[in-house]
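When a residue number appears, it is its place in the shown sequence, counting from 1.
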Amino acid sequence: MTLLTPDRRLVFYDREGLPYRPVRDGGKGRSIFKIKPKGASNRADEAIHTEHWLEVARAMLIDGLAARCQAFSGGSVNYLTIGAQKLVRYELDPEIARELGIPPEGGTNEQPSHFSRAAIEAAFDAFEAFRNRGAHAEIFGVFGEPRDYWVRSTRDRENHLYPTKPIVGFLLKKTQLNGGWEQSDAAARLHNSGFIIVDRDDKPVLPPERYDHLIRDADRIRLCALNYFIEPAREKGALEVSIRAGDLAAAIGLQDAFPNICQALGGEKFQQLAQVPPPTHTEPNPSSSTIFTYKLASQAEAATMTEETTMPTRSATNLVLYGPPGTGKTYRTAWEAVRLCLGEQVAAALHGDEKRDALMVEYRHLVSEGRIEFVTFHQSLSYEEFVEGLRPSTSDEAGEGFEDVEVGTGFRLKAHDGVFKRISERARLDQVSEGSSRRLDRSARVFKVALGNRQIEQDRHRIRFGLDNSLIHVGWGGDIDWSDERFEDFNEIYSEWRARKDPDATGHDGNIVITFSFRADMQVGDYVVVSDGRDRMQAFGRVTGEYFYDPDAAFHPHRRHVEWLWRDEAGTERSRFYARAFRRHSVYKLNQSLVDWDALEAIVFGDETPRASQSARDHVLIIDEINRANISKVFGELITLVEPDKRLGMPNEIRLILPYSKKPFAVPANLHIIGTMNTADRSIALLDTALRRRFTFRELMPNPLVLPTNTGGIDLRKLLTTINDRIEFLFDREHQIGHAYFTGCATRSDVEEVMRHKVIPLLAEYFYEDWSKVAAVLGDTGQGQARFLEARRLAAPASIAEDDFSGEKLRWRVKGQFDFSEFEV
């Protein structure tokens, strides 16, 4: 499918097939492209500006210059050159291609391993021209009659089968190539492009299993569904298209793969590939009769939707608000957090002191939803508290913690999540609406049930019975109905069972333990993994019914009803979910810390590792006093992961294995971090340089204009401005007094309380108890009447001469009554 549109006339692809486009700069009132001449730097004033696609194409494809490009998936904008950097192939508007005298599609000497649907169908058109009037004979005429492989067109044609070698030869402009399944062969290239290879009777030919370079399974299903169903319907202008699982299976040549087909057609990955919203489907699902129906947009609308839906709408914010004490940094974080979570429009309506109460209502609501977390850094904070660490747990709490570290009698060390990891995972797994089908309930328990070995016919029949009847069923524990009220605890159940089996038996038997767990431990809403006895998952479901006993059952009378969320009926799934604690032929509750929820969701929903989607809600972590902790100690290796382009799903995504839990971790793009920093705090020497590189710093300085000019006869604006001018003269601007100290003053006595108990002690700390400088800040120069501080000269003791001291010695005292005459209205 081409990504060219009337407004996007040049598209590039990298070696992975990911699309890029030249981007415009909307500055200076014009929508312009920027091209970098040879030898120029990346500075804007050295760039060539143009508004025309023709000039961009000429610069990049003829002159070999770099232009500002960006991936369709978003990320940074860079100057890129085709062939010399990421870009290896291009698609160009045919009209511009004719004017430049170059092919509408091309690339570097590196041969592509696959082709676009448009290119292949164009090759089919060229072959028809060869059949009808001998066109392109210099290529098609060289190849003889086809022998083994043909390729099926995705369009309605009178002759819809074409020989593979001539088609690929035309695309590569080559007359010598093989037609088979090696990496550079014709059938392999067309297969990897999502086209169906058939024999001369139009029967699908499945590729050999031994080749790893050929796409298979879900990737193959998605590409064929796109090429043979979605795109043909879109070309015809259809508003919707339906795909029946059985029809797709027959077209591709797959048998007994309906669960995998339905899983792929219903998955989010196919929706992104085909640019369609989530489909509706018929029941039962999965089945050969399941029909998926997709709403379609027109080609132009689809191209627009591609650009809008694949380009990230969010960019993670890393912000530090810094300034002297009392400038409203912590106060401001509440508004910033609400803005990031709810948007600019909502935040604008909550701006200003008069809206403070309404703002805090929204803030507290977001906190209660878990979308805002608040933490204060201090000198003792560690990585173990902020990210994750080992903490003592009692034996009861540890449960079946196989990865826990036993350090002594009575307790174990168990990995616990810190605030940063908790909110990162909460943001990544956020659900837009309650009951979203794209997430499992990670608070639910998971039980493993081994129903037998799929390789044994009897066990296979037993497993099939459970899958077809939405049941899990076990036979261990005998033919006693354990739902009887008298069996309320394990001892009664075990005694009854032992009496009926062997009155002389001693010791516990694992079978009765299994049945008791199946009856008492498992609850409605828990998940169940069906194992084949070799630690491979055959099915995954949610328990929907209580335990019941079926006396007429031919086998396994102890039963529960289950809603199957995923079934591997054909046995093709090499399960990515491997529980180390599985016990064969048993019911076993898995330790939550051992359950790989990401892998489970990838299997159940047919998606990759879950990440925050563009519709997921934003979350905010507020770090107060961020400069008071040892940043390298607290963040550890995760300091790199907070960079916006290193976030989960971004172009330079980085994942790390955490040291304690041994699980992969990345920071989602919908988690924003806001820090506050008091510039007067010298509790650590300098802020970590790594943090400075990764955060935007916004200064908040004292703002006297927010204060009234008459509070009990005192001009607070003049008072604050005068004090801060003198502090900056005697010390520096980072130790000023913030306006927040005075915002709550309503009377003259309030002002006096602030001066006496907050401002003067803070000044004494600033100047290290040098009271002469404190007096200078307050205007007590020793001439005239004292305003805030009184100084009394101390006489030298009788035994010490005054000449032994340089200067007079003063005793300073804060006055009982302040004189604000300098600042009165």
Counting distance only, does the side-chain N/O of [X] pair as donor-acceptor with the main-chain N or O of [Y] below 3.5 Å?
| X | Y | result |
| --- | --- | --- |
| Arg647 | Val642 | yes |
| Thr721 | Lys718 | no |
| Asp780 | Arg787 | yes |
| Arg371 | Cys341 | yes |
| Asn78 | Leu80 | no |
| Arg756 | Lys815 | yes |
| Asp645 | Asn652 | no |
| Gln736 | Arg733 | yes |
| Glu728 | Asp725 | no |
| Asn724 | Ile737 | yes |

From [atom1] ([X]) to [atom2] ([Y]), nearest 0.5 Å:
| X | Y | atom1 | atom2 | value |
| --- | --- | --- | --- | --- |
| Leu319 | Ile623 | CG | CD1 | 11.5 Å |
| Arg428 | His619 | CZ | NE2 | 12.0 Å |
| Arg24 | Thr50 | CZ | OG1 | 8.5 Å |
| Ile32 | His49 | CD1 | NE2 | 4.5 Å |
| Ile622 | Ile673 | CD1 | CD1 | 11.5 Å |
| Thr722 | Asp715 | OG1 | CG | 8.5 Å |

Determine whether [X] and [Y] make a side-chain contact, defined as any pair of heavy atoms from C-beta on separated by less than 4.5 Å.
| X | Y | result |
| --- | --- | --- |
| Leu638 | Phe665 | yes |
| Ser382 | Lys633 | yes |
| Thr711 | Asp750 | no |
| Leu705 | Arg717 | yes |
| Leu789 | Trp771 | yes |
| Leu366 | Val620 | no |
| Leu778 | Leu763 | yes |
| Met755 | Phe742 | yes |

| task | Show the numbers, then the answer: is there a side-chain contact (heavy atoms from CB on, under 4.5 Å) between Leu340 and Ile674? | result | CA-CA 10 Å; Leu340 290 169; Ile674 303 176; 3.8 Å; yes
| salt bridge (Lys or Arg N to Asp or Glu O under 4.0 Å) between Arg748 and Glu824, worked out | CA-CA 11 Å; Arg748 192 182 187 91; Glu824 288 182 344; 2.7 Å; yes
| Is any NZ, NE, NH1 or NH2 atom of the basic residue among Arg655 and Glu653 found under 4.0 Å from an Asp or Glu carboxylate oxygen of the other? | yes
| task | Could you tell me whether Glu336 and Arg698 have a side-chain N and a carboxylate O separated by less than 4.0 Å? | result |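 Arg698 and Glu336: salt-bridged.
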| task | Among Leu762, Val751, Leu707, find the residue that satisfies the side-chain contact (heavy atoms from CB on, under 4.5 Å) test when tested with Tyr741. | result |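 Among Leu762, Val751, Leu707, the one meeting side-chain contact (heavy atoms from CB on, under 4.5 Å) with Tyr741 is Leu762.
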Quick one: closest heavy-atom pair of [X] and [Y], and the distance?
| X | Y | result |
| --- | --- | --- |
| Ala427 | Leu671 | CB-CB, 4.3 Å |
| Asp819 | Ala786 | CB-O, 4.3 Å |
| Ala316 | Pro644 | O-CG, 3.7 Å |
| Leu716 | Cys745 | CD1-CB, 4.4 Å |
| Val777 | Leu730 | CG2-CD1, 3.7 Å |
| Ile631 | Ile626 | CD1-O, 3.4 Å |

| With a cut-off of under 6.0 Å to the ring centre and 45° to the axis, is Arg356 in cation-pi contact with Tyr331? | yes
| said: Is the positively charged end of Lys773 above the ring of Phe767, judged by distance under 6.0 angstrom from the centroid and angle within 45° of the axis? | reply: no
| task | Begin from the C-alpha positions of Glu425 and Lys421 and carry the test salt bridge (Lys or Arg N to Asp or Glu O under 4.0 Å) through to its verdict. | result | CA-CA 6 Å; Glu425 289 297 275; Lys421 184 181 177 185; over 6 Å; no
| said: Show, in sequence, the C-alpha distance, side-chain angles and deciding distance for Leu810 and Arg793, and conclude whether the side-chain contact (heavy atoms from CB on, under 4.5 Å) test is met. | reply: CA-CA 5 Å; Leu810 301 176; Arg793 183 177 180 277; 4.2 Å; yes
| task | Name the orientation class of the two ring planes belonging to Tyr660 and Tyr383 (parallel below 30°, tilted from 30 to 60°, perpendicular beyond 60°). | result | tilted
| query | Which of parallel (below 30°), tilted (30 to 60°) and perpendicular (above 60°) describes His735 and Phe731? | reply |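 Parallel, since the angle between the ring planes stays under 30°.
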| request: Could you pull out all residues at least two apart from Lys646 that satisfy salt bridge (Lys or Arg N to Asp or Glu O under 4.0 Å)? | output: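 Once residues adjacent in sequence are excluded, the partners of Lys646 under the salt bridge (Lys or Arg N to Asp or Glu O under 4.0 Å) criterion are Glu643.
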| message | If only side-chain N and O atoms count, and only distance matters, is there a donor-acceptor pair under 3.5 Å linking Asn678 with Thr676? | response | no
| message | Within the supplied structure, the quantity of interest is the number of heavy atoms (other residues, nucleotides, ligands) at a distance under 6.0 Å from Gln785 CD; does it exceed 12? | response |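 No, CD of Gln785 has 12 or fewer neighbouring heavy atoms, counting only those of other groups under 6.0 Å.
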| query | side-chain contact (heavy atoms from CB on, under 4.5 Å) between Val759 and Val754: does it pass, once the steps are laid out? | reply | CA-CA 6 Å; Val759 174; Val754 169; 3.9 Å; yes
| field | Full working for side-chain contact (heavy atoms from CB on, under 4.5 Å) between Lys34 and Tyr79 | value | CA-CA 9 Å; Lys34 289 184 178 180; Tyr79 280 102; 3.7 Å; yes
